[in-house]
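Written below as structure tokens is the structure these notes are about.
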Amino acid sequence: MPVSKTPRQEMPRQRPEDRVQNFNEVALGFDEEMAKKEASRCIQCKKPLCVPGCPVNVQIPQFIEMIHEGDYAGAGEKIKETNSLPAVCGRVCPQEEQCEKTCVLGKKGEPVAIGRLERFAVDYQRKAGLKPPLKPEPVGQKVAIVGSGPAGLTCAGDLAKLGYQVTMFEALHAPGGVLVYGIPEFRLPKQIVAEEVEYVKSLGVELVLNAIVGRTLTVDDLFAGGYEAVFLGTGAGLPKFMDIPGENLMGVYSANEWLTRTNLMKAYLFPVYDTPIKCGKRVAVIGGGNVAMDSVRCALRLGAEEAHIVYRRSEVEMPARLEEVENAKEEGVIFEMLTLPVRILGDEKGWVKGLECVRMELGEPDASGRRRPVPRKGSEFIMEVDTMVMALGTSPNPICARTTQGLQVHSWGGLIVDESTGLTTRQGVYAGGDAVTGSATVILAMGAGKAAAQAMDEYLKTKR
Amino acid sequence: MFEISIKRTLTPVTKLFVVRAPLVARKAEAGQFVIVRMGERGERVPLTIADFDREAGTLTIVFQEVGKTTKMLGALQQGDCLTDLVGPLGVPAELPEKGRVLVAGGGVGVAPLLPKVKAMHQRGVDVVSIIGARSADLIILEDEMTAVSSKVYIATDDGSRGLHGFVSDLIKKLLDEDEKFDEIVAVGPLPMMRACVETTRPYGLKTWVSLNPIMVDGTGMCGACRVTVGGETRFCCVDGPMFDGHEVDFKEAMTRSLMYQEEERQAMNTCCCSGGGDCR
Ligand SMILES: Cc1cc2nc3c(=O)[nH]c(=O)nc-3n(C[C@H](O)[C@H](O)[C@H](O)COP(=O)(O)OP(=O)(O)OC[C@H]3O[C@@H](n4cnc5c(N)ncnc54)[C@H](O)[C@@H]3O)c2cc1C
Ligand SMILES: Cc1cc2nc3c(=O)[nH]c(=O)nc-3n(C[C@H](O)[C@H](O)[C@H](O)COP(=O)(O)OP(=O)(O)OC[C@H]3O[C@@H](n4cnc5c(N)ncnc54)[C@H](O)[C@@H]3O)c2cc1C
Ligand code: SF4
Ligand code: FES
């Protein structure tokens, strides 16, 4: 197996001591020289293993070759053929679990930095100016998309390209789903999300903000209004709490509230922006996923002197992306592993003042295949904290399912669909993304939006 | 766009807007609320739907100027637009079909009460109303309430009109006089609702309250609006805003409502027009 002599190019990043002082993007992106160097590492496999690792089938060796040849904009075009939100994916996809995991170079050394190259190519192309999309021949049928996260945006874009008249309904006052309210600016600049949304709109998609399907309008209203098919990309926005004493004390936030105040409402710019947030000096974030990492890194930027991750398993089991765990460590986040909160203590005014925890050890594997953490007797201790963020995961919001006849859900709230088409238990209603799978990834939500668009097209053709 | 088609000044600090929002008006029910936002840097604030007209596609909101956002709202004129308005949110009130109901509104709380009284009146429920305020000039919507109630009582803190005392004193008086009611609905500031609940508790009379915790999204996504009712955590925006008052943990609700007191003051102080809206 040939191994490249060129080392994998490191991503230039803001220095940790600088970046904890601001919300600007941490990763700065490759320059042309670095991109070319990294692209030269790819050995252009005849049967590339990286491609099947990509949920939306990006033609990886082709676009890398174009970068190698200096055709950066062309590389961007190539990626866009199959990925409708590449500037987002190049920043937040867990590449180490996908394309880079299967890259042959990874067997003996380090895989090609596919994600970083993807980001470089589409950033370059975007700066060079986008080509106006071709307007397709209208087919004369209307479809409704509910939710403007990655699943909804992808489904809407694909259907618009096929000539459907698409309307996207969004509950919040800004489009993008988790990309705007959850993932912080320092990982994914909101300007990039806004540009992706503009692109989808330029395909002819109409966007209706402040419209909650299930409240402002129902799915039945949509059908009555002439929409012939509906896609539900409503995400998994229902927060989980631990049900331990003290959770309603002041200073205890769900990650959703914490991140929404910070990112969507720009509380880090209070009082220039009107929405406040209360970040104390010692913050504990409970959980070990991407949401926990984003929350804890926001805490540092909001002025916390100490920010802790409290996670009941060990570091190897943490579901967060490796890169973000490393970023958090560099920024000074303290990791309390194998630690379970059991009680939150408050002061006489009703504010959090401490967190009682118990240390855990790993026992036998549980249903998830991970070793189950069990409490160690007598290991209780108290952490002094004045702010807490519960990042324990989310489940699908029930509003839509509860108000739509014939929609069936699993006991945990996920919509029941046919896996390959996204068809729900009601005719003409499709769904995909976190609303179906529970919290997952941007790229999987996009893949589901794409598959549903195809199935909806097949279905709508039969009605013409 | 959500255009303000009518603006009325009810008291120096209480304004009424009729806003164009056809989609919301079509679905609105008594007891529900909307979330509005003012300007690109604005905060999301909940306001009860005080009335709606499905045909005209309009909603009525009534608000008291207490902080930066409501002051900025109050500075808007007829013809101006709200940046965002979303709804209807919350569970429609469970209103009785018959019988006799006592309602009590404190301050701006009369506004959220009005659509409920209207709905009950239309069904033939006999509604007795109490309107409370700090002083006579702060009493709002008296004519509107009179039109749909069989009797209207007034209480003012300073005695400038009606009974010199609180609405809860009036409730007690009526109950002691052996007036019979099937239930009570009390809406107003938290201390007022708590007083009403404590007044009716010994009588075992079902008492509905409408809670107003701090909210962000209003769709059950953030958990900011958690309240403890009957020992359980509920999200006011999707499980409420109306709850059985005898089950509500008012102490916790009152504590939580103070969470951003400092920031609310700062927001007013750092705004160069003191919320007048000119500096936007
Ligand atoms: C903090 C955080 C960090 C993350 N980091 C990563 C990462 O690094 N990499 C990665 O791949 N994934 C990450 N994820 C996961 C990823 O963001 C999600 O899997 C993805 O956004 C799901 O897309 P979606 O379109 O299904 O739903 P969402 O993005 O949740 O969008 C759903 C949209 O629907 C709207 N909506 C909901 N109900 C209604 C209704 N009834 N009517 C109208 N609109 C409605 C919502 O307001 C929302 O805008 C992260 C998630 C979070 C919360
Ligand atoms: C379901 C519901 C219905 C409501 N209906 C009405 C109504 O019909 N008329 C009316 O005048 N008021 C109503 N309120 C209260 C109104 O939302 C607050 O007065 C408003 O948010 C104050 O904003 P501010 O920036 O002007 O004041 P601030 O200075 O920010 O706050 C003043 C007070 O309002 C409370 N408050 C602040 N932000 C919020 C928020 N986002 N949500 C709830 N309370 C908050 C605070 O506890 C504080 O005591 C309702 C609240 C809820 C939850
Ligand atoms: S597997 Fe790796 S080396 Fe092979 S084509 Fe893909 S990126 Fe290039
Ligand atoms: S306001 Fe966010 S859950 Fe109720």
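Here the structure is a predicted model, which means the values were calculated and not measured. Order of the sequence lines fixes the chain letters, A, B, ..., with proteins taken first and strands second; residue numbering starts at 1 for each chain.
When each of T83(B), V216(B), V24(B), I35(B) is checked for heavy-atom pairs under 4.5 Å with chain A, V216(B) comes out on top. Among G218(B), G90(B), G223(B), A28(B), the residue with the largest count of heavy-atom pairs under 4.5 Å with chain A is G90(B). Ranked by heavy-atom pairs under 4.5 Å with chain B, the first of P239(A), A267(A), G214(A) is P239(A). Top candidate by heavy-atom pairs under 4.5 Å with chain A, chosen from R26(B), R37(B), Q32(B), is R37(B).
Contact annotation for T216(A): both backbone and side-chain heavy atoms come within less than 4.5 Å of a heavy atom of chain B. Residue M250(A) touches chain B through both its backbone and its side chain, counting heavy-atom pairs closer than 4.5 Å. For D243(A), no part sits under 4.5 Å from any heavy atom of chain B, backbone or side chain. With a 4.5 angstrom heavy-atom cutoff, R256(B) touches chain A via backbone and side-chain atoms both. Only the side chain of W351(A) has a heavy atom closer than 4.5 Å to any heavy atom of chain B. With a 4.5 angstrom heavy-atom cutoff, I399(A) touches chain B only via side-chain atoms. At a 4.5 Å heavy-atom cutoff, the contact between R44(B) and chain A is made by backbone and side-chain atoms alike. Heavy atoms closer than 4.5 Å to chain A are found in the backbone of L85(B), but not in its side chain. If you measure heavy-atom distances from I277(A) to chain B, the contacts under 4.5 Å come from the backbone alone. Residue contact with chain B, scored on non-hydrogen atoms closer than 4.5 Å, involves the side chain of N397(A) exclusively. Both the backbone and the side chain of K278(A) come within contact range of chain B, with heavy atoms under 4.5 Å apart. Looking at L269(A), there are no atoms closer than 4.5 Å to chain B (heavy atoms on both sides), in backbone or side chain.
Note on E262(B) versus R265(B): no salt bridge recorded, every NZ/NE/NH1/NH2 to OD/OE distance being 4.0 Å or above.
E247(A) places a side-chain N or O within donor-acceptor distance of the main-chain N or O of I244(A), the cut-off being under 3.5 Å. Of the possible polar contacts, none joining the D249(B) side chain to the T228(B) backbone as a donor-acceptor pair under 3.5 Å is found.
Side-chain contact check for L217(A) versus L23(B): some heavy-atom pair is nearer than 4.5 Å. The shortest side-chain heavy-atom distance between L238(A) and P398(A) falls under the 4.5 Å cut-off. D51(B) is not listed as a side-chain neighbour of P115(B), based on a closest heavy-atom distance of 4.5 Å or more.
The closest side-chain donor-acceptor pair between Y227(A) and T167(A) falls under 3.5 angstrom.
In summary, the aromatic rings of Y273(A) and Y268(A) are positioned with their centroids too far apart to meet the 6.0 Å limit.
Within a 6.0 Å sphere centred on NZ of K7(B), heavy atoms belonging to other residues, nucleotides or ligands number more than 12. A 6.0 Å sphere centred on CZ of R402(A) holds no more than 12 heavy atoms belonging to other residues, nucleotides or ligands.
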